[in-house]
Every structure is written in structure tokens, then in C-alpha cells.
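For reference, the structure discussed in these notes is given below.
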Amino acid sequence: MGCRKICLCCAAAPLSIVVLVAALVVPQLWPKPYCQVGSDGTCKHVEEGPSDSCGAGVLLRVTKQAAIGLRHFPLAEDLAFATLELDGCIVEYSFACGSKGPQVSEQWTCKSEKKKSPEPSDLGKMWEVCAKGSSLKLKAPVIDLTFDIEVAADSSVAGCIALSAPSAFPGLGAARGDFEAQRGALMEARAKEGRCATVRNDDDLLARGEDYLAEFNPVLAVTLKGFLSYMKYELLPELRKGLDTDRPEGSLKATFFFVLTLASAGGLSGASMVMPMLNCGMMMPAMLPVPGVMQTRHADVGKLIADPHQRRPVMIGGGAAPCCFDETLPVFMSAGSPEHTQVRKLWDTIGLATMHLGDLSEITPLTDSTFIAVRKKAMALGGMTTPMLDELAGYVAPLFLEKLWGKKPTAEEASEIAAYGSIGGPCIVSHVIRRLPILPGKIIAVREKAFTFAMGSPVGNLLATEIEKPEYAELREVYSKRPKGVVGTAVQNLADASLFAGLIGTSAASMNCLLQLNRGPQFVKMFRGNSTAFMYEVMRTATAVIGSMQQTKAPLKARIFGEDVLLPNGSLVEQVTGLGAGLDASVFPDPYRFDTSRQNLGETMNWNGKTKYVMARDYAGAPRFCPGGALSVKIAAKVCHHFSAHMKAE
């Protein structure tokens, strides 16, 4: 399913204000300060009390940020574990065994003044120093609690670095010994409880939302605490009941959290950092407003989307309202079923298998509408010049319409259909859209324009002939029951899929490409050197698509948030190909670094299958790959080049 950050973020902006005001009025909602600035200018937090003996060692932890880590160290000798740069001073922190037990020492080195280092202090139950606007670095390696990789010494920390007495985490007693032994123990502890290894109870679980305060904002922290509470106490009981129908629908409350999370995280790019690590990569209730669960780790998602018999519900995002889609849309068909196999064969036969070949038509500059012209002037005042999705849709539409339907649209036709870029994105929550005035009618009108254009095209005519062949008998049976009949439904479904996933997805990819180019001339050079690899990396780091869903084919036992959950047959599983899998640090080292020279970009999964299979159109490797994947890359690169031709490379 495609999810479009611009539409949803604009819609959720007022909700962010509501949450902010609510948090001010109800102090319990506001995130607690995670440290206090002391007289020396450092931001520290100490829990006093008896510590463990030196023989127990200490737990070195990275805390109060999205990526958390831990490692046990014995107290055999002094060990530097953190450095902090503050107002011209460098503070080195170390721990050792003192006369009364574990102690923390500070060594201050300042350029402009002589500063006496304080006496070592007792560890107590927990000791923590936080960045809080300063440069904080880890000096001893720990283990990432989501991706199970080493967080190396000298890694920057946006949150805090803490020392804890091992007795504070009794469930981690096996995390001792060398790196591999501790990693295995931490993975086992995480799997045993279905949550982060350092989450000991429900209070710890909800407090995980506050870990995003240092890198994001208070609104997101408040939202995530509420989201986690909703997941734990309301959604988990719902999941145990299962679905009553093959047409599930998300709740308005879930939609609120979904949209607000996107808005307060800064769109899909921010949410891509938030959601995969929120529960340390373990299965959790879905981010999308659906009564289901989601998988974010690359290996787990890879297995799901490679299943040749994926069972699908009649649902995209939060629903499948008729104003947005017909219930026979191929996205709703189960892989391996006769009708799904036949519709994919039909699409390939009429030209989708080859539509990416050959040159694209030249781009004709468009005249801005009054709204876009005014908006561009307003954005320019704030230094923002990147075209937004709805503007880019006007450039994407004529290119994809010509390639898909074999007919060059008139300027009027392209403009009318491109309007979907302004109004079609909210179909991700069509269960909400159908209740609104005006918008459903506008969506239906644009869909009808696209349908009319397609019916009069060479590919539309070919489809009408091809579908009558005997090999499409089961597909014809499904379509014959719909209001538009066999041919009309077949054309409408292809048009709808191309608008929702194609037009909006490609426009979003074009926008994200331009945003990346604006980050510096080195990226312009990368783009001009290999635009295809550049687009793969754009989609990996700033996805235009969250993922897709399938239903379980048998009851599924799971451990979620410390509870045993039996998911009934037919439960929804969200496979987060875009929102999480591409940022799995165990597959893509230093995942937030933009690097087109990565040798494994074929492992990305932004087109509903591993890219290496999608671009080869390999149904065995990617049974449900996006049929327009290669064309979308080609068009997005051309549009991105059009708007960046004036930029200088280093």
C-alpha cells in the first residue's frame, strides 16, 4: 500500500497542536525531563542507593534515544566509557572498583581555564550523563538492542550513556562474557518477552516513547506514549478476538495515532526511524490503523513478501472504501489464486512487462496554478524551493500515462488526472475519507477521468480483447459481478492501481530525490553518476511506501509486549518493506548515511519485493512485485533531473 507523507502530514498538523495543548493542560502527558543540568553545566541523572558489588560488574547502556544499546563489563580495571565536549572542555568518564564498590570518575580538560576534576562518586543504582546539546560519545562498544550489531567506540550519542547495577535488570543475568555470548543472551531475552531486552514492565514500555524526545520533539514523545498504551491495553485484546470479516477496517482512534505519528516524526522518513526500533524489532501491533501486527526487521519482512501464497484482505491502509477502490482490485487478491495469477499475466501481456523500455517523452514545463504559485512564493520566503508532491504529479502524469496506456494525453487530460496527486493520498485511510463531504466525490471524478482516458487507449483496447481469452476465465468470473462489467472493471482496476501506487508513489519519490539533492553538491554528483542507484537509495532512506499487508493462513502464537498472544487464522500482518526493512542496520551498515555505492541495494524492498527481483521481474523471488517499479524509477529520475539541471556538482 502506498502512504504519502505530504497529504497526511498536512492533515495532521492541527492534531499536533491539539496534542501539544492537551499535554500542557494535563501535565501527566508531558514527557518528564530526562536529566537535570548541574552547576558544572553537564546534564546528569543519578539514582542513589546501594549498588552491586564490584564482582558483579556494571551494565553500560545507551539510553534516551531511538537506538538503544547495552553491554556488561567486569570491573577488572579502570575503563573509559564516555566523553563529553562542553564549553571548551572535554570530560572523560570512566568506571572502576573503589573502596566501597563501583565508582564513576570524571577527568576534565579545558582549553581556557584550569578546572579541577571532582572526586570519584559511587555508582549507586544508576548513573547517567546526557548530550542535551553537547557532543557525547561512547568510548566502549555496546550491543545494539534492535539490530544485534556492535555500536563501536567513538559513536556519537544523541541521548544518554548510563551505568547500571546488574541487579536492576535481573532478566539479563545471562548477558555476560564475550561479545557473541552477550549478543545471544540479549537476543534470547528480547524474544522471550517480545519487547526490548531492557523493558522490565509496562511502565518501562510506555516510557520507551520518551526515548524519542532528544532526537525529535515533545509532541512525538507524547504521541508514542499514547500509541504504546493504546497498543498494549486496547489493541492487543482486539487482536486475540480475530477479524469477523475479510473486509477489516481500522478505528478512528488508531487513525489518529497513525497520522499524528507521521506528522510529529516529520513524515515517513522520521517514522522510518521511529517504528522499527520502538519495540526493538520485535513483532508489535501495526502502525497503520488496522487491527493487526507488523514486522519491521529485514529478514522477517523478506520471508513474508517472498511467500508465493500470500493471503490478502480487502483493505489498503485503514480500509477500502468504494470512493477509492473497487473490491476486486488486484492488491486485494491472494497470491497464488487463479484470479491473481491471471490478472498479473494479463497485465504483463498487454504491455506492463515492457512499458519501462525505450525513451520517455521530453518534459514540458507547466504553468503553475494560482494556488501553487502563491504557495511557492510563501515557501521561498522560508528558503524552501523544492516542489511538493502535487506540483510534481503534473510532471509525472503525462509520462506514466503515455507509457502505461500507449497514448499521449492532451495537456488538459494530464492535468485532470494529475489532480489525483492532490486528493488521492488520503485513500490510505479511506475508512475516514468516505465519511467526509466533497472529497469522496472529487476522488471519484478523477478516477472516472482516468478510466475514460484508459478506455480509449490502445492498451485499453488490447486489454478488452485479451481478457476474453479462455486463460482468464476465473478473472472474468470475478469481474462479471461488478457494476462496470468485465472490461470496465479490468480497466478501472489498472487505472486505480496506477494512480494510487504509481502517480503518487512516483511523485513522492521525485520529491524525495530533490530533497536529497538539496543537501549538497556531493549528492548532485552522485545522482548524475548513477541516477538508478540514487533512486534506490532515496527510496531506502526516504521511502514513498510503507509496505503491504497479508493475512495469516493459520493461528499464530506470538509474544508481544510481555504477553502471550494467539492470533487467530486470518489475522493481519503488516510487512513493512519501506518503513523499516531498508533501515535495518544489520543489513545496511550505518543505515542513515546516504550512499549510492552500497553493494547490496538489490536487498532493498520498496517495490513489494527485493529490488534485485523486482527489476528482473522475477515472480519466483518476488511473487507480488510492483509491476511499475522499473518505470517509476525511470520517471522519477527524469523529473528529478528536470528540476535539478541548474544545480552544481562538487
Side-chain angles (χ1 to χ4, degrees), residues 30-38 41-46 59-71 80-87 89-93 126-164 196-199 204 207-225 228 261 264-281 296 519 541-542 580 583-586 588-594:
W30 195 255
K32 300 175 183 177
Y34 55 88
C35 65
Q36 297 291 332
V37 178
T42 63
C43 195
K44 289 185 289 192
H45 172 65
V46 178
L59 296 178
L60 175 61
R61 301 165 54 215
V62 174
T63 65
K64 305 296 193 302
Q65 62 175 34
I68 55 177
L70 178 145
R71 189 170 181 178
F81 65 89
T83 58
L84 180 73
E85 293 185 20
L86 177 70
D87 297 333
C89 296
I90 297 178
V91 190
E92 181 177 88
Y93 298 96
M126 191 271 286
W127 181 100
E128 187 174 59
V129 61
C130 303
K132 198 72 173 183
S134 304
S135 175
L136 179 65
K137 289 188 176 182
L138 191 67
K139 299 304 292 184
V142 298
I143 299 166
D144 185 292
L145 294 181
T146 297
F147 301 118
D148 313 316
I149 61 173
E150 181 181 84
V151 182
D154 289 325
S155 295
S156 295
V157 173
C160 308
I161 297 174
L163 294 176
S164 295
C196 297
T198 49
V199 171
D204 282 354
R208 180 74 174 117
E210 296 184 357
D211 286 351
Y212 292 81
L213 186 60
E215 294 163 298
F216 289 90
N217 55 72
V219 175
L220 179 63
V222 171
T223 300
L224 291 178
K225 288 185 70 175
L228 285 166
T261 298
S264 55
L268 285 184
S269 298
S272 297
M273 181 178 179
V274 171
M275 299 310 293
M277 291 185 276
L278 189 60
N279 197 37
C280 293
T296 61
R519 293 190 171 103
T541 57
L583 297 174
D584 191 323
S586 66
F588 304 101
D590 195 3
Y592 303 104
R593 175 174 53 86
F594 192 93

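Starting from 1, each residue takes its place in the sequence as its number.
In this structure, the side chains of Thr63 and Ile161 stay at 4.5 Å or more apart for every pair of heavy atoms. The shortest distance between side-chain heavy atoms of Lys44 and Trp127 falls below 4.5 Å. In this structure the side chain of Arg208 reaches within 4.5 angstrom of the side chain of Ile68, judged on heavy atoms. In this structure the side chain of Lys64 reaches within 4.5 angstrom of the side chain of Asp211, judged on heavy atoms. At least one side-chain heavy atom of Leu278 sits less than 4.5 Å from a side-chain heavy atom of Leu228. Between Pro591 and Asp584, the closest side-chain pair of non-hydrogen atoms is not below 4.5 Å.
The SG atoms of Cys130 and Cys160 lie less than 2.5 Å from each other.
Not a single salt bridge (charged side-chain N to carboxylate O under 4.0 Å, His left out) links Arg519 to another residue, sequence neighbours left out. The salt bridge (charged side-chain N to carboxylate O under 4.0 Å, His left out) search around Asp87 returns none, not counting sequence neighbours. Qualifying salt bridge (charged side-chain N to carboxylate O under 4.0 Å, His left out) partners for Asp148, counting only residues two or more places apart in sequence or in other chains: Arg190, Arg297.
Panel note: side chain Glu150, backbone Ala152; no donor-acceptor pair is recorded below 3.5 Å. A side-chain donor-acceptor contact under 3.5 Å links Glu215 to the backbone of Ala66. The closest donor-acceptor contact from the side chain of Arg71 to the backbone of Asp144 lies at 3.5 Å or more, if one exists at all. Put simply, the side chain of Glu128 never gets that close to the backbone of His45: no donor and acceptor are under 3.5 Å apart.
Taking OG from Ser135 and CG from Leu84, the interatomic distance works out to 7.5 Å, rounded to the nearest 0.5 Å. One finds the CG atom of Asp154 at 8.5 Å from the CG atom of Leu138 (value rounded to the nearest 0.5 Å). Between the CG atom in Leu224 and the CG atom in Leu213 there is a gap of 10.5 Å [rounded to 0.5 Å].
Of all the heavy atoms in Thr541 and Phe594, the pair that sits closest is OG1-CD1, 3.7 Å. Taking each heavy atom of Glu92 and Ala80 in turn, the nearest pair found is CD-CB, 3.9 Å. Taking each heavy atom of Ala271 and Ala265 in turn, the nearest pair found is N-CB, 3.7 Å.
Of the options Ser586, Pro276, Cys196, Cys280, a side chain to side chain contact (heavy atoms under 4.5 Å, CB included) to Thr146 is made by Cys280 and by none of the others.
A tilted orientation is assigned to the rings of Tyr93 and Phe81, their planes being inclined by 30° to 60°.
In this structure, a donor-acceptor pair under 3.5 Å is absent between the side chains of Thr198 and Arg61.
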